[in-house]
Amino acid sequence: MYEIVAKEILNKDVDLMVINAPLVARNAKPGHFIILRVDEEGERIPLTITEINGDLVSIIYQKLGYTTRLLGTYNVGDSLSDFVGPLGKAAHIRDVENVLGIAGGVGAAPLLPQLKEYARRGVKVTLVIGARSKYHLILLDKYKEFCDEILIATDDGSLGTKGFVTDVLTELYKTRTFDHTIAIGPLIMMKFVVILNKKHGLKTDVSLNPVMIDGTGMCGNCRVSIGDKTFFACVDGPDFPGEEVNFDELLARQNYYHDEEHICNLRLVKK
Amino acid sequence: MKLEKIHMRVQDEKERSCNFEEVALGYTLEEAKLEASRCLDCKNPRCVAACPVQVNIPAFIKHLLADDINSAYYQIYDDNILPSICGRVCPQEKQCEGACIVGIKGEPVMIGALERYLGDYALKNDIVMEQHIVENGIKVAIVGSGPAGLACAAGVRKMGYDVDIFEALHEYGGVLKYGIPDFRLPKDIVETEINRLRDIGVRFHKNVIIGKSITIDQLRDDGYEAIFIGSGAGLPSALRVAGENFSGVYYANEFLTRVNLMKSHHFPQSATPVKVGDNVAVVGGGNVAMDAARTAKRLGAKNVFILYRRDKTSLPARLDEVYHAEEEGIDFRLLRNPVEFIGENYILKQVRCEVMELGEPDASGRRRPMPTNTFETFDLDSCIISIGQSPNPLLKDTTEGLEVNKWGGIIVNDHQTSIPGVFAGGDVVSGAATVILAMGAGKDASVEIDKYIKSK
Ligand SMILES: Cc1cc2nc3c(=O)[nH]c(=O)nc-3n(C[C@H](O)[C@H](O)[C@H](O)COP(=O)(O)OP(=O)(O)OC[C@H]3O[C@@H](n4cnc5c(N)ncnc54)[C@H](O)[C@@H]3O)c2cc1C
Ligand SMILES: Cc1cc2nc3c(=O)[nH]c(=O)nc-3n(C[C@H](O)[C@H](O)[C@H](O)COP(=O)(O)OP(=O)(O)OC[C@H]3O[C@@H](n4cnc5c(N)ncnc54)[C@H](O)[C@@H]3O)c2cc1C
Ligand code: SF4
Ligand code: FES
């Protein structure tokens, strides 16, 4: 069992949790993720490691569906059934002078450790962060600690530019360019960021979030088409160059169990 | 008078194709003894020679006939620590039973069924072989809790070593848990066998991926004098045809893991879903394909068919499983090779197959399937690809100096890998094979581990 030693509510939909998991912490690096099961009947879901501190591992999750909402009902002192990692390839930190991070929604969580590592190496870090409203923006304070510049987009205009991150980027690219960009957020956001960046001759690393089960390369559930090749995101990724990712296929794969997820949610109401 | 073989009772085929209860029901003591009495007690028993671990079959049969059930069980246990499991899943028709003299003119002695009877008897009556373990305090690490890892752990533990098993998943047993379905191998049997290892002091650690959570080098730093890798062959082989990543196309590993490990047949009680729809194709002809097809049927699929590129005599699956699949209404569309998946908005709709014919024998001795340039298209809701597995590259990729062959199998010499003190066995060495071969390799490796440590 894996004990929850701290919990912080970041906003109505997003929590941060600190879990005691020495064997995950031992070799974890920025970009790695974990898979957890809340209880004995639970689904295995992947979440990015946002911070490592001794034996403690932090995760940040958006309460989207059954498992993340169930997780949200757990508190300090409770324990999770399973917590395994570190999984995936650690982020490839490139040798550049300035980097642009683009975060959408809870994508701000997995992006944080990567950008922080760039900042630690003295790279100039710019962040464009988007969310539904100012209440849905997360981790701004943490980003402010190390980003050189932060630009905000909200769907409702409650903070920063009214619109999507792509609107902010379109403005930004009029005057600026970057050695490298990393976009993490909903698939649809990453898809449009990549299209826009291509037009500006910018390379984009994306972090893909297909449905996963084992996380060790055994089941193939997490496969993604990139160019004419297939990759298993859990072991080959989750970070990939965005240019040739087949986002539409991945969107279909992600939504394949949509109806079943709904049934599962109804169960949570009963619980 | 010649006695006919005693058929094992099975669950009614209509009923069982809707449930996940075990299909074959096992012998009673009377049935077991009747069947055992068919053994001729040969001087040079061919069955023993044909068993990969040389179980002394005539000897255990004699004990059984003399009503000394405990001794019969101990006799098997000497060579095979998991008789309940092997009795159910060994391809007996290619091993012991295939070699049995009685089988030349009639049906061979049902050795697997007898083994299963004795294994089950021991589990039910809690019969455990007395073992006096003299502790030596030397630490040995086992990677993976499949049959290879379990057998190696049992072997070194009995010699007094301090044994830790590290398993990547949240349950122990490897393919016995996540691959082979309940209707062939009820999971409580696997669980009981694992508890027996716990009882003799083997420690189990779940959710630990060696190579990631702890590397092989770190295991040595942590004081393990020897390490055994039994990580299996978990990487699914791809068909490499267009549309393979459409939704609705599964690799058998995903499909079977959803059901067996994640219990998706109990959805939504269990939170992991699975869906198959009405029309399901399963590509392949081995045990994995049979398991996938029969599982799809039990999940409610109306039409389940096997697409296999050779003919029926070439099906590599256990004979029993092919019979049972046919009885349950699985349709065998033989000499069909999928060449393309057709979808709509990335959701699977159809599979296009090339009709094959048999040519000259190939390296495997079976007649080679040849393309005919005629094609057929079938409507589908899902397709389960079950054409093989190879070793997962994760350990190779994270362990410097660990040598593998071109199929990714770890290269060993007397069960030792290219890294001194690191041993390996089972599917990770041989490629996807059988439970008994994996167990045998684990057991033999335990002897080599002991030799290695003593010689240091
Ligand atoms: C490598 C990786 C890192 C991730 N990091 C984070 C993170 O740091 N914070 C965060 O909030 N989310 C992260 N996610 C996404 C997170 O795993 C899903 O939001 C979560 O699984 C949803 O589960 P649910 O039961 O709450 O919702 P559901 O109702 O099951 O699903 C909601 C959405 O999540 C997707 N989803 C469902 N099951 C899975 C699964 N097993 N694996 C992946 N996606 C699934 C569905 O397609 C659907 O779009 C990450 C995903 C991956 C693959
Ligand atoms: C569906 C199916 C049906 C089958 N039917 C039969 C049958 O009827 N008869 C028969 O004889 N054989 C059958 N087989 C084959 C048989 O199950 C295998 O040959 C056997 O299980 C191999 O044993 P193993 O111990 O080498 O590996 P596995 O059983 O694969 O076990 C390996 C274990 O190691 C774990 N692992 C992997 N990597 C790591 C790591 N890095 N760190 C920690 N743990 C790790 C895995 O999670 C797994 O639990 C079947 C296989 C399948 C898939
Ligand atoms: S272990 Fe398998 S091959 Fe050997 S006797 Fe038993 S059933 Fe036959
Ligand atoms: S999650 Fe199973 S292979 Fe990636």
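Order of the sequence lines sets the chain letters (A, B, ...), proteins ahead of strands, with each chain counted from 1.
- Note that OG1 of B:Thr257 and CG of A:Asn221 are 9.5 Å apart. Values are rounded to the nearest 0.5 Å.
- Within a 6.0 Å radius of CG in B:Asn345, other residues, nucleotides and ligands contribute 12 heavy atoms or fewer.
- Counting heavy-atom pairs closer than 4.5 Å to chain A, the top residue among B:Gly343, B:Ser247, B:Pro268, B:Ala168 is B:Ser247.
- The contact between B:Ser270 and chain A is made by backbone and side chain atoms together, counting heavy-atom distances below 4.5 Å.
- With respect to chain B, the highest number of heavy-atom pairs below 4.5 Å among A:Ile213, A:Asp259, A:Ile35 belongs to A:Ile213.
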Chi angles and distances behind the side-chain contact (heavy atoms from CB on, under 4.5 Å) call for B:Leu235, A:Met218: CA-CA 5 Å; B:Leu235 181 74; A:Met218 179 271 274; over 6 Å; no
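- Remark: the backbone N or O of A:Ala28 is not paired with any side-chain donor or acceptor of B:Lys212 at under 3.5 angstrom.
- B:Val274 places a side-chain heavy atom less than 4.5 Å from the side chain of A:Tyr257.
- Contact of A:Leu23 with chain B is made through backbone and side chain together, with heavy-atom distances under 4.5 Å.
- Counting only heavy atoms from C-beta outward, the side chains of A:Glu41 and B:His266 never approach each other to under 4.5 Å.
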Stepwise side-chain contact (heavy atoms from CB on, under 4.5 Å) test for B:Leu261 and A:Asp214: CA-CA 10 Å; B:Leu261 183 71; A:Asp214 61 301; over 6 Å; no
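- Residue A:Asn75 places its CG atom among more than 12 non-hydrogen atoms of other residues, nucleotides or ligands, all under 6.0 Å distant.
- Here the side chains of A:Val235 and B:Asp397 are not in contact, with every heavy-atom distance at 4.5 Å or above.
- At a threshold of 4.0 Å, the pair A:Arg26-B:Asp222 counts as salt-bridged, since one of the basic side-chain nitrogens sits closer than that to a carboxylate oxygen.
- Contact annotation for B:Ser264: neither backbone nor side-chain heavy atoms come within less than 4.5 Å of a heavy atom of chain A.
- Ranked by heavy-atom pairs under 4.5 Å with chain A, the first of B:Lys263, B:Gln389, B:Arg258, B:Lys206 is B:Arg258.
- Here A:Cys219 contributes atom SG and B:Tyr178 contributes atom OH; the two are 10.0 Å apart, rounded to the nearest 0.5 Å.
- Proximity to chain B is absent for every atom of A:Val24, based on heavy atoms less than 4.5 angstrom apart.
- A donor-acceptor contact under 3.5 angstrom links the side chains of B:Asn245 and A:Thr230, judged on distance only.
- Scanning residues 240-256 of chain A against chain B with a 4.5 Å non-hydrogen threshold yields A:Asn246, A:Asp248, A:Glu249, A:Ala252, A:Arg253, A:Tyr256, sorted by number.
- A:Val38 does not touch chain B: none of its heavy atoms, backbone or side chain, sits under 4.5 Å away.
- Interface summary for chain A: among B:Ala252, B:Pro393, B:Pro236, B:Ala238, the most heavy-atom pairs under 4.5 angstrom belong to B:Pro236.
- With a threshold of 4.5 angstrom between heavy atoms, B:Phe255 does not approach chain A through any atom at all.
- The existence of a salt bridge linking B:Lys275 and A:Glu260 is confirmed by a sub-4.0 Å separation between a basic side-chain nitrogen and an acidic carboxylate oxygen.
- Nearest approach of B:Ser213 to A:Gly85, heavy atoms of both residues: OG-O, 2.8 Å.
- Of all heavy-atom pairs spanning B:Tyr251 and A:Gly220, the tightest one is CD1-CA, 4.1 Å.
- The number of heavy-atom neighbours closer than 6.0 Å to CG of A:Asp228, taken from other residues, nucleotides and ligands shown, is 12 or below.
- Note: A:Glu40 CD to B:Glu171 CD = 7.5 Å, rounded to the nearest 0.5 Å.
- Only the side chain of B:Leu394 comes within less than 4.5 Å of a heavy atom in chain A; its backbone stays farther off.
- Between the side chains of B:Asn207 and A:Tyr2, at least one donor N or O sits under 3.5 Å from an acceptor N or O.
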Evaluation steps, side-chain contact (heavy atoms from CB on, under 4.5 Å), between A:Arg223 and B:Val249: CA-CA 11 Å; A:Arg223 62 197 193 274; B:Val249 181; 3.8 Å; yes
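- Within a 6.0 Å radius of CZ in A:Phe231, more than 12 heavy atoms belonging to other residues, nucleotides or ligands are found.
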Derivation of the side-chain contact (heavy atoms from CB on, under 4.5 Å) call for B:Met262 and A:Arg37: CA-CA 11 Å; B:Met262 306 311 297; A:Arg37 246 182 12 141; 4.1 Å; yes
